[in-house]
Amino acid sequence: MKIAMIGGTGNISTACTRELINGGHEIVHFNRGHKPSVVNVETILCNTEKPGELEKAMEGRTFDTVINFIAYRPEQVERDIQIFSGRTAQYIFISSASVYRKPLKNLTVTESTPRGNPWWEYSALKMKCEDALTRAWQDTGFPVTIVRPSHTYSERWLISSFGAKDFTVADRILKGKPVAVHGDGQSLWTLTHADDFAARFACLPGNLQTIGEAYHITSGESLTWDMIHQHLAYALGREIEIVHVPLEYLRIHAPEFYPGFQGDKAWSVIFDNSKIESIAPGRTPRISYSEGVRRSVAWLNANPEAKIVDTEKNLLLDRLIESYRSKLITSP
């Protein structure tokens with residue numbers, strides 16, 4: 001098949017590109033070319049955020065499947081509906097498992113669990129994207145398949161309460177500095193390695209039975225946030241000092257992070273993957289987080305230029321931990 005990817009060089013999409021190429025598919029990336037593509041990929045340079053650029057890049061082209069990894073706002077998918085209607089047999093939208101209503105009524109989440117996350121704009125916008133695409137499917141037959149990943153990571157990411165794209169928390173652990181964890185650190189969280197995600201995802205392109213449907217693609221491993229940070233410390237070969245910070249304190253003292261906590265990370269969730277398993281038999285996730293984080297640390301040690309410490313985040317964590325500890329000392 002000939003498959004177009006909008007994006008294609010990111011955290012999830014790089015692994016998906018490799019998996020689909022190994023499956024014998026022809027892959028074309030539409031992106032700005034800021035990151036190198038996987039070998040044997042054709043890259044069409046365009047800034048999809050600039051009006052008209054994607055339309056121009058698509059002139060004279062059709063694809064069996066189009067996958068958008070970088071649509072976050074409804075106007076982006078509305079544009080795609082206009083561009084790709086009649087030019088592809090399938091359009092796959094990468095949404096988010098954070099779209100489900102919080103608080104959850106049931107610990108186990110299926111694709112039919114009610115959506116609606118009022119706390120986090122990212123989740124609310126992803127849901128609006130889903131709604132626009134679903135209306136297009138119902139009204140005009142636009143061939144959409146929706147995928148809802150949970151927290152998926154590649155070799156460049158180290159997971160923590162305060163983000164995964166930088167080396168800040170790992171640097172703190174290496175230097176013996178305390179690390180903040182939201183709440184009591186005991187809520188359950190699902191982490192999925194990008195290679196495991198890609199193995200299951202590769203069964204969707206070209207599978208026309210999936211049109212009009214939504215799918216989770218996650219691992220079956222549930223870890224507490226304390227365990228996630230402990231695994232990072234073990235991979236770094238260090239001990240870790242965890243400071244548990246209540247959500248209400250984070251709301252006041254770390255407001256830029258609070259929506260992601262209250263709207264996502266603070267809630268225990270276990271994802272039912274039976275739907276994707278029905279079309280991807282035998283593709284069970286095999287990379288535990290303890291193994292995955294060791295791979296990430298090894299990759300970062302081999303690529304030290306990627307060990308980026310966010311100075312502002314580091315200062316925020318220093319202030320947050322110091323102020324919370326002071327509050328505990330002075331509280332009656």
Side-chain angles (χ1 to χ4, degrees), residues 1 3-7 10 12-13 16 30 48-49 54-55 58 62-106 108-152 192 197 200-218 263-264 269 271-280:
M1 290 189 300
I3 299 172
M5 292 185 173
I6 303 174
I12 298 177
S13 57
C16 291
F30 289 83
T48 60
E49 288 298 290
L54 183 58
E55 292 90 330
M58 271 295 299
T62 59
F63 294 92
D64 298 297
T65 300
V66 173
I67 310 165
N68 196 330
F69 288 92
I70 55 173
Y72 305 101
R73 304 186 307 277
E75 61 267 26
Q76 292 172 313
V77 297
E78 294 281 6
R79 172 207 63 197
D80 286 1
I81 291 167
Q82 295 298 317
I83 295 174
F84 297 114
S85 290
R87 303 175 80 173
T88 185
Q90 183 185 33
Y91 174 94
I92 299 178
F93 171 63
I94 307 301
S95 184
S96 168
S98 69
V99 299
Y100 296 108
R101 185 178 300 166
K102 306 298 189 310
L104 293 160
K105 290 186 177 181
N106 297 298
T108 301
V109 172
T110 71
E111 287 84 353
S112 60
T113 293
R115 298 171 307 137
N117 187 335
W119 304 101
W120 197 11
E121 184 183 27
Y122 168 83
S123 305
L125 290 174
K126 282 288 192 181
M127 189 178 76
K128 289 180 178 179
C129 290
E130 288 191 9
D131 290 345
L133 290 162
T134 300
R135 285 194 301 271
W137 157 242
Q138 293 170 343
D139 295 344
T140 67
F142 184 74
V144 63
T145 301
I146 293 170
V147 178
R148 297 178 185 143
S150 65
H151 203 156
T152 306
T192 307
F197 176 93
R200 284 180 161 177
F201 178 83
C203 295
L204 292 174
N207 187 337
L208 302 188
Q209 292 181 350
T210 69
I211 290 173
E213 300 289 341
Y215 294 86
H216 296 151
I217 302 180
T218 80
D264 204 17
V269 178
F271 294 100
D272 181 339
N273 279 273
S274 57
K275 192 172 180 179
I276 190 66
E277 288 166 359
S278 69
I279 62 169

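Just so you know, residue 1 is the first one in the sequence shown, and it goes up from there. Side chains are part of it too, since the values below use all heavy atoms of this structure and drop only hydrogens, waters and symmetry mates.
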| task | Report the C-alpha distance between K128 and E78 in whole Å, list the side-chain angles of each, state the deciding distance to 0.1 Å, and finish with yes or no for salt bridge (Lys or Arg N to Asp or Glu O under 4.0 Å). | result | CA-CA 11 Å; K128 289 180 178 179; E78 294 281 6; over 6 Å; no
| query | Is a side-chain N or O of D64 found less than 3.5 angstrom from the main chain of I3, in a donor-acceptor match? | reply | no
| field | Residues that E111 engages under side chain to side chain donor-acceptor pair (under 3.5 Å), provided they are two or more places apart | value | none
| task | Output every pair passing ring pair (Phe, Tyr, Trp, His ring centres under 6.0 Å) with a member in residues 71-98, not counting sequence neighbours, ordered by first then second residue. | result | Y91-F142
| task | Would you check if the side chain of N273 reaches a backbone N or O of I276 as a donor-acceptor pair within less than 3.5 Å? | result | no
| task | Decide yes or no on salt bridge (Lys or Arg N to Asp or Glu O under 4.0 Å) for E55 and R79, but give the supporting numbers first. | result | CA-CA 9 Å; E55 292 90 330; R79 172 207 63 197; 5.8 Å; no
| query | Quick one: does T113's side chain have a donor or acceptor within less than 3.5 Å of a partner on V109's backbone? | reply | no
| Counting distance only, does the side-chain N/O of D272 pair as donor-acceptor with the main-chain N or O of S274 below 3.5 Å? | yes
| query | If only atom types and distance count, is the side chain of T145 paired as donor or acceptor with the main-chain N or O of T210 below 3.5 Å? | reply | yes
| message | Run the side chain to side chain donor-acceptor pair (under 3.5 Å) test against Q138 and tell me which residues pass, sequence neighbours left out. | response | none
| said: Between H216 and F197 (judged by ring centroids, cut-off 6.0 Å), do the two rings come close enough to count as a pair? | reply: no
| said: Treating K275 as the side-chain partner and T110 as the backbone partner, does any N or O pair qualify as donor plus acceptor under 3.5 Å? | reply: no
| Note, Y215 side chain near L204 side chain (heavy atom, < 4.5 Å) | yes
| Are the side chain of R200 and the backbone of T218 linked by a donor-acceptor contact shorter than 3.5 Å? | yes
| field | Spacing of T48 atom OG1 and I70 atom CD1 [to the nearest 0.5 Å] | value | 4.0 Å
